[in-house]
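Notes for the one structure printed next.
Atoms within each ligand, like the ligands themselves, are counted from 1 in listed order. Below, all heavy atoms of this structure are taken into account, side chains as well, without hydrogens, waters or symmetry copies. The structure presented is a predicted model; accordingly, all values stated were derived computationally and were not measured.
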Amino acid sequence: MLKFSQSPLEEAFVQNPYSFYEKINEGGDLIFWEDYDLVFAISHRSVNHFLRDRKWGREVPEDKKCPYSDHLTPFLKIEENSLLEIDPPRHTKLRKLVAKAFTTNSIAKLEPEIELIVKNILHNLTDDEIELQKNFSEKVPVLVIAKLLGVEASMADQLLKWSHDIVAMYQANRDLDKEIQAGKASAEFTEFMVSLINHRKTSPGEDLISGLLASEIDGENLSMDEMVSTCILLLNAGHEATAFALGNGINAIIDEGLDVAKLDDPKFVPMVVEEVLRFDPPLHIFERYAKDDVDVFDNTFKKDQEVGLLLAAANRDPIAFHNPNRFNPERQNPGNVSLGAGVHFCVGAPLARMEMKIALRELFKYFPKLKLVRKPIYSDRYHFHGFNELWVAP
Ligand code: HEM
């Protein structure tokens, strides 16, 4: 197995990790990344394998869990019941109950509301130079997920703040201050959700929280802790990744000189969304742990051993994607892995795709001559690949 060294915090790498991926993609299915002291799956076939094979799970083995102090108790409580942190059989029950409320049909019904949210945001963008990341890319998903869960739109900024503070726990630059903030945000967010869920118990509506409360399979429902974790996960996962994906998409479309009139073609716009997700995805790394000793891709993994999955490198695998560094929405490819695969495949995928489709189409319809005012800078959070600011001129 080839070994590579690359600091994930180095500025040039954060701005363009794809040069590194191009280099390591010559390394086959697995590489050893010295800075992480970890084996990584980098090819399209190996990443897919680890995502789908039940011999691998997301649950962190007991002896590998970080020593957590008291300030993280509220954060841990959310994690304990989060879909993303548990494996079958517990995951199967929870996922089925969530999927029952979060169906493709219920998402499809949201289409006109999402369009309205997007158009309202666009009407307020009147300056000669506009910062689109905070004023558009972040706003669309947070308002959509708030609408879906039946949370007041006026709570959007507070939701963003809690969510950013919690998500900082998963980033390369985590430190004690960030942990304390995450613990505080988790406690406040939990208190808010408990009160909202209790309210919905007595006065249910058309929203997803009411749907989750009503969701029942073989007499089993979601417990209060599971409800809280699920709602917080949906709120966090529902906008953090989508916000970055939108910003990255806007940048790619302008930078690559795409004919934006074609975004009005209902067959073409989903292809653009898929290519944006492949070309510059918002989430680059996930992990899996071996449930047992496993021999795979000429390597022996011991039980509980961790493997890193470099989704963004798999999307640039030259064996799977012809001319992978070219942005080409017309490509006929196997699917990208940006939304995962297997049992943990993104629950929000239909929603994310629909939001991206509507937001990109409407943005470029409203501002057909959109230009970048300056080259946007990716934030220093590496695994979460996206911009803090995206300045454009209409
Ligand atoms: C472009 C936007 C998005 C991207 C790139 C993305 C990516 C992902 C990926 C890669 C996973 C699987 C992680 C793993 O296998 O370890 C995942 C899981 C998940 N995503 Fe998304 N996601 C996006 C949007 C959303 C939205 C809009 C929602 C909800 C409203 C959402 C909710 C979830 C949930 C709940 C899971 C956990 C599923 C499970 O473990 O069973 N995501 N997402």
Side-chain angles (χ1 to χ4, degrees), residues 41 47-54 56-60 78-79 81-88 90-99 101-104 106-107 110 114 137-138 140-149 151 159 163 167 170 208-209 211-212 226 229-249 273-274 276-289 306-312 314-315 335-360 383-386:
V47 168
N48 254 297
H49 176 88
F50 289 105
L51 286 170
R52 291 170 194 273
D53 185 358
R54 296 289 191 98
W56 295 84
R58 273 201 60 121
E59 252 169 57
V60 184
I78 295 174
E79 284 230 310
N81 294 292
S82 161
L83 264 184
L84 254 181
E85 308 304 329
I86 56 174
D87 288 326
R90 252 188 93 207
H91 175 271
T92 316
K93 173 209 141 187
L94 196 54
R95 171 99 188 196
K96 276 191 186 155
L97 286 166
V98 174
F102 204 77
T103 58
T104 309
S106 66
I107 300 306
L110 274 181
I114 298 179
S137 307
E138 274 191 6
V140 173
V142 78
L143 289 174
V144 169
I145 195 72
K147 175 98 210 161
L148 185 71
L149 284 166
V151 176
L159 294 178
S163 179
V167 169
Y170 309 111
L208 185 62
I209 294 185
L212 288 169
E226 289 170 340
S229 292
T230 302
C231 292
I232 293 181
L233 175 65
L234 289 173
L235 276 162
N236 289 352
H239 80 268
E240 291 276 352
T242 317
F244 276 165
L246 272 179
N248 297 359
V273 168
E274 285 319 298
V276 163
L277 286 172
R278 181 197 73 84
F279 186 73
D280 199 15
L283 308 173
H284 282 208
I285 295 185
F286 283 91
E287 296 88 24
R288 290 294 186 267
Y289 296 90
E306 183 180 0
V307 64
L309 312 182
L310 214 33
L311 306 191
N315 286 341
N336 63 71
V337 286
S338 299
L339 295 155
V343 296
H344 288 285
F345 176 69
C346 179
V347 165
L351 178 62
R353 287 180 163 129
M354 189 197 290
E355 281 181 67
M356 289 178 70
K357 182 184 84 173
I358 298 172
L360 294 175
H383 304 190
F384 286 71
H385 189 67

Check step by step if side chain to side chain contact (heavy atoms under 4.5 Å, CB included) holds for Glu306 and Val60.
-> CA-CA 9 Å; Glu306 183 180 0; Val60 184; over 6 Å; no
Can you list the steps and then say if Met356 with Leu277 is a side chain to side chain contact (heavy atoms under 4.5 Å, CB included)?
-> CA-CA 10 Å; Met356 289 178 70; Leu277 286 172; 4.0 Å; yes
Stepwise side chain to side chain contact (heavy atoms under 4.5 Å, CB included) test for Cys231 and Ile209 | CA-CA 7 Å; Cys231 292; Ile209 294 185; 3.9 Å; yes
Stepwise side chain to side chain contact (heavy atoms under 4.5 Å, CB included) check, Asn315 with Val337 | CA-CA 7 Å; Asn315 286 341; Val337 286; 3.5 Å; yes
Would you tabulate the side-chain donor-acceptor contacts of residues 342-355 under 3.5 Å, counting partners in other chains and residues two or more places apart, or write 'none'?
{"unit_1": "His344", "atom_1": "ND1", "unit_2": "His91", "atom_2": "NE2", "d": "3.4"}
{"unit_1": "His344", "atom_1": "NE2", "unit_2": "Ile86", "atom_2": "O", "d": "3.4"}
{"unit_1": "His344", "atom_1": "NE2", "unit_2": "Asp87", "atom_2": "OD1", "d": "3.1"}
{"unit_1": "Arg353", "atom_1": "NE", "unit_2": "Glu274", "atom_2": "OE2", "d": "2.7"}
{"unit_1": "Arg353", "atom_1": "NH2", "unit_2": "Glu274", "atom_2": "OE1", "d": "3.2"}

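Among all non-hydrogen protein atoms, the one lying nearest atom 12 (C) of ligand 1 is His344 O, 3.3 Å. Scanning the protein for heavy atoms near atom 35 (C) of ligand 1, the closest one is Leu233 CD2, 3.4 Å. Protein heavy atom at the shortest distance from atom 37 (C) of ligand 1 is Leu84 CG, 3.5 Å. The protein atom (non-hydrogen) at minimum distance from atom 13 (C) of ligand 1 is Phe286 CE2, 3.5 Å.
Checked by distance only, ligand 1 and Arg58 come closer than 3.5 Å through their nitrogen or oxygen atoms. For Arg288, a nitrogen or oxygen atom sits less than 3.5 Å from a nitrogen or oxygen atom of ligand 1, counting backbone and side chain alike.
Between Val276 and Ala245, the shortest heavy-atom distance links the atoms CG1-O, 3.8 Å. Ser82 approaches Ser229 most closely through the heavy-atom pair N-CB, 4.0 Å. Between Ala314 and Val47 the shortest heavy-atom distance is CB-CG2, 3.7 Å. For Leu159 against Ala146, the heavy-atom pair with the smallest separation is CD1-CB, 4.2 Å. Looking at every heavy atom in both residues, Ala312 comes nearest to Pro281 through CB-CG, 3.8 Å.
When heavy-atom distances to ligand 1 are checked against a 4.0 Å cut-off, Pro282 comes that close only through its side chain, counted from C-beta outward. With a 4.0 Å cut-off on non-hydrogen atoms, Thr242 touches ligand 1 through its backbone as well as its side chain. Only the backbone of Val343 comes within 4.0 Å of ligand 1, judged by heavy-atom distances. Of all the heavy atoms of Thr230, none lies under 4.0 Å from any atom of ligand 1, so neither backbone nor side chain is involved. Under 4.0 angstrom from ligand 1, the non-hydrogen atoms of Arg95 all belong to its side chain.
Using a non-hydrogen distance threshold of 4.0 Å, Ser338 registers as a contact of ligand 1.
Within the listing of ligand 1, atoms 39 (C), 40 (O), 41 (O) sit less than 4.0 angstrom from a heavy atom of His91. Per-residue contacts place Leu283 under 4.0 angstrom from the following atoms of ligand 1 (heavy atoms of the residue considered): 6 (C), 7 (C). Atoms of ligand 1 lying under 4.0 Å from at least one heavy atom of Leu351, given by number and element, are 30 (C). Heavy-atom proximity to Ala245, at under 4.0 Å, picks out these atoms of ligand 1: 1 (C). Below 4.0 Å from some heavy atom of Ile145 lie the following atoms of ligand 1, by number and element: 30 (C). Close contacts of ligand 1 with Phe102, meaning ligand atoms under 4.0 Å from a residue heavy atom, involve 30 (C).
Using the six-membered ring where Trp is involved, His284 and His385 have ring planes that are tilted, between 30° and 60° apart.
If you count the protein N, O or S atoms nearer to atom 21 (Fe) of ligand 1 than 2.8 Å, you get 1.
No donor-acceptor pair closer than 3.5 Å links the side chain of Thr92 to the backbone N or O of Pro88.
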